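Here the structure comes first, spelled out in structure tokens, and everything after it is commentary.
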2 protein chains.
Amino acid sequence: MVRWREKANKFQLSIMNRNVTSIDVAKRAGVSQSTVSRVFSSGSPNVSSEVRERVLQASLELGYRPNAIARMMSTRQTNIVGILMATITSPFYPYVLEKFLKELQAIDRQVLLFTASENQSVDDLLPLALQYQVDALIITSATLSSEAAAATSSGGTPVILFNRVVSDANVCSVCADNLAGGRLAADVLLDSGHEKLAFIAGIENTSTSQDRERGFALRLHERGMANWVRRAGRYTYESGYAAAQSLLDETVPPDAIFCANDIMAIGAIDGLRARGVRVPDDVSVIGFDDIPMAAWGAYNLTTISQEVDQMIQQTISLMLERIESPHEPCRTERVAGKLVIRSSVRNLTTGKSDDIAG
Amino acid sequence: MVRWREKANKFQLSIMNRNVTSIDVAKRAGVSQSTVSRVFSSGSPNVSSEVRERVLQASLELGYRPNAIARMMSTRQTNIVGILMATITSPFYPYVLEKFLKELQAIDRQVLLFTASENQSVDDLLPLALQYQVDALIITSATLSSEAAAATSSGGTPVILFNRVVSDANVCSVCADNLAGGRLAADVLLDSGHEKLAFIAGIENTSTSQDRERGFALRLHERGMANWVRRAGRYTYESGYAAAQSLLDETVPPDAIFCANDIMAIGAIDGLRARGVRVPDDVSVIGFDDIPMAAWGAYNLTTISQEVDQMIQQTISLMLERIESPHEPCRTERVAGKLVIRSSVRNLTTGKSDDIAG
DNA sequence: TGGGGTCTTGCATACGTATTCAAGCTATGT
DNA sequence: ACATAGCTTGAATACGTATGCAAGACCCCA
């Protein structure tokens with residue numbers, strides 16, 4: 001280490017920014033370390049322009065870069081946001097992640113990204129993430145036990161769930177209005193004259209799948225449609241494919257399927273077509289999310305959108321709020337989705353039908 | 001701050017891990033701070049089991065979590081790897097990212113993720129990433145100027161390019177063998193009897209697109225096929241869609257299209273079908289990447305795979321190597337892809353045809 | 001019984017920056 | 001010319017952990 005330092009002195013003009021500290025810069029510029037720090041502090045308060053010039057010149061020559069770790073240490077502020085994601089590959093989330101990154105970087109926050117491996121729950125990841133003194137934690141595509149959530153947030157670090165809800169815990173969340181979305185799907189399919197409806201669920205213990213199903217079921221019940229079937233799915237293409245085919249084996253096969261997300265809907269369409277069933281002529285399919293692939297020509301999936309941009313904006317606002325005042329009571333924001341009409345549901349191309357029920 | 005501390009003393013049993021330091025734990029356990037540190041150091045060297053018990057008990061009661069930032073400060077080791085990604089949404093990269101995360105977490109590295117916004121080149125992001133003292137930097141789906149790469153790596157931080165190459169710089173990279181892939185595509189299409197070939201390019205200044213085209217062109221030339229056409233693309237569904245349709249306007253439309261990635265190939269298929277052209281009966285389409293969607297029933301895309309898992313393994317090995325010995329010379333590893341036969345190229349279902357040329 | 005070794009523990013310090021406090025300097029107004 | 005205020009600068013310290021060093025405790029064997 002000492003030898004390094006000597007070397008750096010000898011070759012001061014090289015780009016060895018490794019191990020160049022504000023002290024080195026200070027020496028070379030003939031000022032104190034404090035001054036160097038002030039020059040690099042945002043706002044550069046009260047430094048004469050002549051000195052600032054000298055300092056910048058020296059840093060340039062030495063290849064100095066402020067050490068962010070040391071700064072965190074000193075200011076006790078990391079400006080780092082942790083994002084926990086169980087699944088990135090599910091096609092809805094890459095867009096979410098990218099958007100989060102851009103928005104957070106725009107307000108000078110960096111992102112530490114965690115993912116849970118198969119044998120690992122998100123709960124186990126929390127303590128790890130917290131060691132990094134993140135300013136806040138955004139959890140998405142993951143189910144969190146309420147105990148873990150409560151423990152974390154009572155530790156003082158704001159936790160915000162994106163697209164998941166923990167009922168009783170002291171945790172904020174931003175969520176699509178899945179209940180309303182489920183109802184909307186029911187209305188759309190009934191209004192367009194379908195008579196035997198089916199639902200393909202996502203991962204069972206997720207609030208998204210549960211709420212979408214509940215909204216769907218509730219609305220069907222309200223409108224007097226008791227006769228609908230259900231299949232389990234896992235939010236994957238393959239599970240949608242298999243579930244749809246299994247639905248064809250019903251004594252009276254459904255003429256419309258509501259899938260808990262778009263990927264399963266796409267899988268369902270392919271599964272149906274592989275059996276020679278036409279979509280939407282024989283069976284209509286409606287999804288949820290409005291991922292980019294839903295617009296692909298081969299599918300043209302009618303679906304219910306998640307307004308991702310808006311959801312992310314709200315998540316970040318909520319996060320900043322809670323960083324400011326961590327002890328305010330929590331709230332859950334619901335963002336309504338919209339019906340995106342393409343051509344996988346029949347009798348719908350002319351727009352929404354009248355709403356029959358009250 | 002002082003008031004906080006007082007409060008924490010009063011309610012020592014609460015879960016206020018905020019501001020609980022090793023010193024607090026030490027006091028409560030009646031030991032020195034060093035001892036607490038030793039208990040939490042990996043390996044817990046040389047601490048009597050009785051004392052360790054006491055310390056763990058105290059930390060539990062206080063809700064102590066070691067401060068990772070301070071640890072980095074002290075050890076001068078962050079165990080953080082920076083990943084720079086220009087585009088996450090392009091369907092190939094979410095899988096890459098998830099895999100990287102899992103592998104890195106498995107070796108106790110955390111990931112700081114950066115993305116470039118539209119008006120920002122990756123070069124601008126480098127200094128930022130370096131401030132965080134990352135142990136290494138992985139750059140993917142992004143083009144890096146060789147100057148920036150050289151400057152960074154000469155600063156002592158290993159930089160590894162994933163799926164991109166910078167020719168002359170002092171930077172390692174792991175890359176699909178795009179040249180061989182392009183040649184393979186040419187062979188496949190010629191062997192299966194196609195006579196008018198086309199290529200749809202990706203983003204022009206990327207080494208991936210350039211190499212795939214070069215390999216394709218070279219092989220066609222070797223086999224005496226000079227008559228092929230080319231369209232520009234941008235690695236997106238829409239650009240593939242448009243390019244394919246534009247190819248139909250040729251006086252002699254192609255009977256086979258090689259697309260620089262799968263997304264464009266999928267777009268191309270939809271573009272062709274929208275014009276009533278059958279795939280593969282009228283026009284064959286072959287892609288590159290083997291993303292999950294290539295296997296979807298509606299497309300069944302024949303393509304050339306990128307062996308992502310293997311590439312990632314190699315990237316991480318290379319990274320660890322360079323963290324160990326940063327001054328070794330650089331190398332570029334090429335991972336050969338494989339032909340994945342589905343049904344978007346005709347006359348290919350029986351397997352590879354004979355290789356005609358030498 | 002004593003000497004040497006091992007194990008355990010505490011003290012002191014380092015990591016690189018931000019920031020408080022005080023001191024020096026300059027300019028201004030009377 | 002002198003007092004005062006404002007601006008600029010440096011010295012000192014804090015942030016929370018890891019670790020080298022030394023001292024103490026304990027054990028073993030001769």
Side-chain angles (χ1 to χ4, degrees), chain A residues 1-2 4-5 8 16-55 58-59 62-80 130-133, chain B residues 1-2 4-5 8 16-55 58-59 62-80 130-133:
Chain A
M1 182 53 61
V2 174
W4 251 114
R5 204 50 70 73
M16 290 294 168
N17 67 23
R18 205 71 161 185
N19 294 332
V20 176
T21 73
S22 57
I23 297 185
D24 301 327
V25 176
K27 279 194 194 131
R28 173 167 255 260
V31 298
S32 74
Q33 180 269 331
S34 323
T35 300
V36 176
S37 169
R38 278 190 270 258
V39 169
F40 284 92
S41 290
S42 56
S44 308
N46 305 335
V47 182
S48 73
S49 57
E50 184 239 356
V51 170
R52 169 179 300 123
E53 262 329 297
R54 248 183 23 236
V55 169
S59 345
L62 296 179
Y64 170 67
R65 304 239 156 263
N67 183 324
I69 305 297
R71 171 178 299 172
M72 294 177 199
M73 187 75 203
S74 192
T75 58
R76 323 179 46 148
Q77 254 245 329
T78 58
N79 284 333
I80 288 182
L130 290 180
Q131 292 196 349
Y132 289 88
Q133 316 295 111
Chain B
M1 183 54 57
V2 174
W4 251 114
R5 204 49 72 71
M16 289 296 168
N17 66 26
R18 204 72 162 184
N19 295 330
V20 175
T21 73
S22 57
I23 297 184
D24 300 329
V25 176
K27 280 192 191 131
R28 175 168 254 262
V31 299
S32 74
Q33 180 269 329
S34 324
T35 300
V36 176
S37 168
R38 278 190 268 260
V39 168
F40 284 92
S41 289
S42 57
S44 308
N46 305 336
V47 182
S48 73
S49 56
E50 184 239 355
V51 169
R52 170 179 298 124
E53 263 328 297
R54 252 187 15 241
V55 169
S59 348
L62 296 178
Y64 169 67
R65 302 238 157 266
N67 183 323
I69 305 296
R71 184 194 311 241
M72 294 176 200
M73 187 76 206
S74 191
T75 59
R76 323 180 44 146
Q77 253 245 330
T78 59
N79 283 334
I80 288 182
L130 290 180
Q131 292 197 347
Y132 289 88
Q133 317 295 111

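Every chain is numbered from 1 and lettered A, B, ... according to where its sequence line falls, protein lines coming before strand lines. These numbers were taken from a predicted model, which means no experiment stands behind them.
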Please report, rounded to the nearest Å, how far the C1' atom of D:dC15 is from the CG atom of B:Asp24.
13 Å
Apply the test side-chain contact (heavy atoms from CB on, under 4.5 Å) to residues B:Tyr132 and B:Met72: give CA-CA distance (whole Å), side-chain angles for both, the deciding distance (0.1 Å), then the verdict.
CA-CA 10 Å; B:Tyr132 289 88; B:Met72 294 176 200; over 6 Å; no
Regarding A:Arg76 and B:Asn67, do their side chains bring together a donor and an acceptor under 3.5 Å, going by distance alone?
no
Interatomic distance where CD1 belongs to A:Ile69 and P belongs to C:dT17 [whole Å]
11 Å
What nucleotide, of C:dG10, D:dT9, C:dT17, holds the atom closest to the side chain of A:Ser48?
D:dT9
Does D:dT17 have OP1 or OP2 under 4.0 Å away from a side-chain N or O of B:Ser22?
yes
What heavy-atom pair brings B:Gln133 and A:Ala68 nearest, and what distance separates the two atoms?
OE1-N, 4.5 Å
Looking at A:Ile69 and B:Met73, what are the two nearest heavy atoms and their distance?
CG2-N, 4.1 Å
Would you find a donor on one side and an acceptor on the other, under 3.5 Å apart, between the side chain of A:Ser74 and the backbone of A:Ala70?
no
How long is the line joining CG of B:Asn67 and P of D:dA14, in whole Å?
18 Å
Whether the B:Thr35 and B:Ser32 side chains hold a donor-acceptor pair (N or O, under 3.5 Å, no angle test) is what I'd like checked.
yes
If the helix axis at each end comes from five base pairs, how far does the helix from C:dT1-D:dA30 to C:dT30-D:dA1 deviate from straight, to 10°?
40°
Which atoms of nucleotides 19-25 of chain D (N or O only) lie under 3.5 Å from a protein N or O atom, and what are those distances?
from, atom 1, to, atom 2, distance (Å)
D:dT19, O4, B:Ser34, OG, 3.2

Can you measure B:Arg65 atom CZ to D:dT17 atom P for me and round it to whole angstrom units?
13 Å
Just N and O in the side chain of B:Tyr132: are any of them under 4.0 Å from OP1 or OP2 of C:dG16?
no
Specify the separation, in whole Å, of atom CE of B:Met72 and atom P of C:dT17.
16 Å
Under 3.5 Å donor-acceptor, B:Ser41 side chain and B:Ser37 backbone
yes
Using a heavy-atom cut-off of under 4.0 Å over every strand shown, decide if B:Val31 touches base, sugar-phosphate, or nothing.
sugar-phosphate
Could you state the CD-P distance from A:Glu50 to D:dC7, rounded to the nearest angstrom?
18 Å
Whole-Å distance between C:dT8 P and B:Glu53 CD?
15 Å
B:Ser22 vs B:Phe40, test: side-chain contact (heavy atoms from CB on, under 4.5 Å). Steps then yes/no.
CA-CA 10 Å; B:Ser22 57; B:Phe40 284 92; over 6 Å; no
Any donor-acceptor N/O pair, B:Arg54 side chain to B:Ala29 backbone, under 3.5 Å
yes
In whole angstrom, give the distance that lies between atom CG of B:Leu130 and atom P of C:dG16.
16 Å
